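Every value quoted in this text rests on a predicted model; they were computed, and no experiment measured them. Numbers restart at 1 for each chain; the letters A, B, ... are given by sequence-line order, proteins then strands.
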Amino acid sequence: MRSVMSKAIFWFRNDLRIADNPGLFQAYKQHSEVFCVYILDKPLANITRTAQSWWLHQSLTTLKKTININMFVGDAEEVLLELCRKHDITAVYWNRCYEPLHIARDTHIKQQLHKINVQAKSANGSLLNEPWEVLNKQGEFFKVFTPYWKQCLQQIVCPAPFIINDYSKFAKLPSLCLEELNLLPTWQQQFTNYWQPGEAGAEQKLQDFLAYKLEHYKEGRNYPASNFTSNLSPHLHFGELSPWHIFRTVREFQINYPAQEANTMHFLSELGWREFSYYLLYHFPKLTSANFKAQFDNFPWHDNDEAFTRWKRGKTGFPIIDAGMRELWVTGTMHNRVRMIVASFLVKDLFIDWRRGAQWFDETLLDADMASNYASWQWVAGSGADAAPYFRIFNPILQGEKFDSQGDYVKKWVPEVAHLPNKFIHKPWEAPTKPLNYYEPMVNHDIARKKALSYYQALRMS
DNA sequence: TGAAATGTTGGGGCG
DNA sequence: ACGCCCCAACATTTC
């Protein structure tokens, strides 16, 4: 099928980059003409009306400036089959997705393409290790992170970067313009103040991280008012840079600065948690709906819409919680430490089902990633693989005092408490004069904690 | 990647 | 000088 004059399709999905893109590179190497397509796949298009639809629009806009991308809306299978028939395509290339519905769709499309004598070639463009290639000595999948990641580090084979420097093969087709995908931002226009979607923005973030942040990473990453996290996650989600590129770059940094080993290894292990999440989703496809630990099936979740709304809107009366939820709404992200605190609060102070929290994050996070999001919620809830034990309950006041001792983070997002002395900034209800325009704490944390522990005790008995 | 409850130790005030 | 108490500081256990 390697004819000199053959035409191929490269199907862009969550790999919106040119550099180090194995599927795109193979199509480019083996064919004389390549049609890049992006399909807003109607049966799976759960991205519209979320924060990510804004990012997708921006990212595609940027990518289109470099190479021709042909836009389509519809059923991916129908779109691809029709294009193949119309334009005498010999092969379709893509990089693999790992969400259960995507796997099913792609497998099916592969079969349909074969039926009309079109090759379908998938590559790994998103993960350092394929989920099915990392198994323990019993031949089962790992359920604990540390041995999993140790094994990964041993078996990672880092390919040389795939480089394309001639874009003339990427041809145009009759197709929609980007605006016709209707990827309109649904609420905030402020994302643009915080983010630069696209490959260049991603590379910039990576370089900034190496230059200014990595040397403080292990400790600094815990403090939401400081700026020592990479903020690469939305770029990674959309595949604007490859995990190998990060891996190679960070490894090289480590060779140049051996004293930075603790920081570099810690950062790489965060990449490892991303891998582990995909891995868990692959081996436990019900991750988004079912407790990994089945005993949580009997947890008496509270179906409290009013409490849920207060949490979503940042009106709980706990400054660190409200700061996080407001940061999320405005910027499309939330500092990782604060994500753990707000998630713990939803599950263990309000007793609201972790699935509802995860769904809200799906809608509002620019980096929302089915695997990482749901694996992390189950981790916090205690129902997940290698999860935090349920009795590890975050105290929102103490966490605030520990990790935002000067209240800098809280003041930025909760101006109602900004005038209070530090002593009261994480518990304004104890201040001699309470702020007038702020909320009463919606629960008593000490009581909620005891209740959580009793629920948990009951689970263990049942 | 927790925090409360409980246990232990040792210095200092004081009769 | 001694025993007693208090309690801060740290360690361990428990959820």
Rounded to whole angstroms, how far apart are [atom1] on [X] and [atom2] on [N]?
{"X": "A/F145", "N": "B/dT1", "atom1": "CZ", "atom2": "P", "value": "12 Å"}
{"X": "A/K450", "N": "C/dC15", "atom1": "NZ", "atom2": "P", "value": "14 Å"}
{"X": "A/Q457", "N": "C/dT14", "atom1": "CD", "atom2": "P", "value": "14 Å"}
{"X": "A/E401", "N": "B/dA4", "atom1": "CD", "atom2": "P", "value": "10 Å"}
{"X": "A/D349", "N": "B/dG2", "atom1": "CG", "atom2": "P", "value": "16 Å"}
{"X": "A/L398", "N": "B/dT1", "atom1": "CG", "atom2": "P", "value": "17 Å"}
{"X": "A/I447", "N": "B/dA4", "atom1": "CD1", "atom2": "P", "value": "14 Å"}
{"X": "A/K348", "N": "B/dG2", "atom1": "NZ", "atom2": "C1'", "value": "9 Å"}

| request: For DNA chain B, find the residues of residues 260-281 of chain A with a heavy-atom distance under 4.0 Å and give them by number; none if there aren't any. | output: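 Within residues 260-281 of chain A, the residues near DNA chain B are A/W273.
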| Can you list, by residue number, the residues of residues 385-397 of chain A that have a non-hydrogen atom closer than 4.0 angstrom to DNA chain B? |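 Of all residues in residues 385-397 of chain A, the ones placing a heavy atom under 4.0 Å from DNA chain B are A/F391, A/R392, A/I393, A/F394, A/N395.
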| task | For A/D353 and A/R356, indicate whether the former's side chain and the latter's backbone hold a donor-acceptor pair under 3.5 Å. | result |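 Absent.
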| Are A/R313 and A/E306 close enough for a salt bridge, meaning some N to O gap below 4.0 Å? |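 Judged by the 4.0 Å cut-off on N to carboxylate O distance, A/R313 and A/E306 do not form a salt bridge.
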| said: Any base atoms under 4.0 Å from A/K402, or only sugar-phosphate, or nothing? Heavy atoms, all strands. | reply: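 Sugar-phosphate, backbone atoms only, no base.
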| query | Who passes side-chain contact (heavy atoms from CB on, under 4.5 Å) against A/S383, sequence neighbours left out? | reply |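 A/S383 satisfies side-chain contact (heavy atoms from CB on, under 4.5 Å) with A/N291, A/F296, A/W354, A/Q378, A/A381 only.
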| By side-chain contact (heavy atoms from CB on, under 4.5 Å) - contacts of A/T62 (at least two apart) |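 Scan of A/T62 (side-chain contact (heavy atoms from CB on, under 4.5 Å), adjacent residues dropped) gives none.
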| request: Describe, in one word, how the ring planes of A/Y148 and A/F142 are oriented to each other, choosing from parallel (under 30°), tilted (30 to 60°) and perpendicular (over 60°). | output: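 If you compare the ring of A/Y148 with that of A/F142, the planes turn out perpendicular.
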For residues 252-259 of chain A, please give each side-chain donor-acceptor pair under 3.5 Å, one per line with the distance, not counting sequence neighbours.
residue, atom, partner, partner atom, Å
A/Q254, OE1, A/T264, OG1, 3.1
A/N256, ND2, A/E252, O, 3.4

Hey, can you pull the donor-acceptor pairs under 3.5 Å for the side chains in residues 200-215 of chain A, sequence neighbours left out?
residue, atom, partner, partner atom, Å
A/E203, OE1, A/H245, NE2, 2.8
A/E203, OE2, A/Q207, NE2, 2.7
A/Q204, NE2, A/D208, OD1, 3.2
A/K213, NZ, A/N227, OD1, 3.2
A/K213, NZ, A/T229, O, 2.9

| message | Please tell me if A/Q399 has a side-chain N or O lying less than 4.0 Å from either OP1 or OP2 of B/dT1. | response |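 Answer is no, no contact under 4.0 Å.
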| task | Check A/I320, A/I341, A/I321 against A/Q399 for a side chain to side chain contact (heavy atoms under 4.5 Å, CB included) and give me the one that passes. | result |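 Result: among A/I320, A/I341, A/I321, A/I341 is the only option passing the side chain to side chain contact (heavy atoms under 4.5 Å, CB included) with A/Q399.
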| said: Restricting to non-hydrogen atoms, name the atom on A/R392 and the atom on A/K348 that form the minimum distance, rounded to 0.1 Å. | reply: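 The pair with the smallest heavy-atom distance is O-NZ, 3.1 Å.
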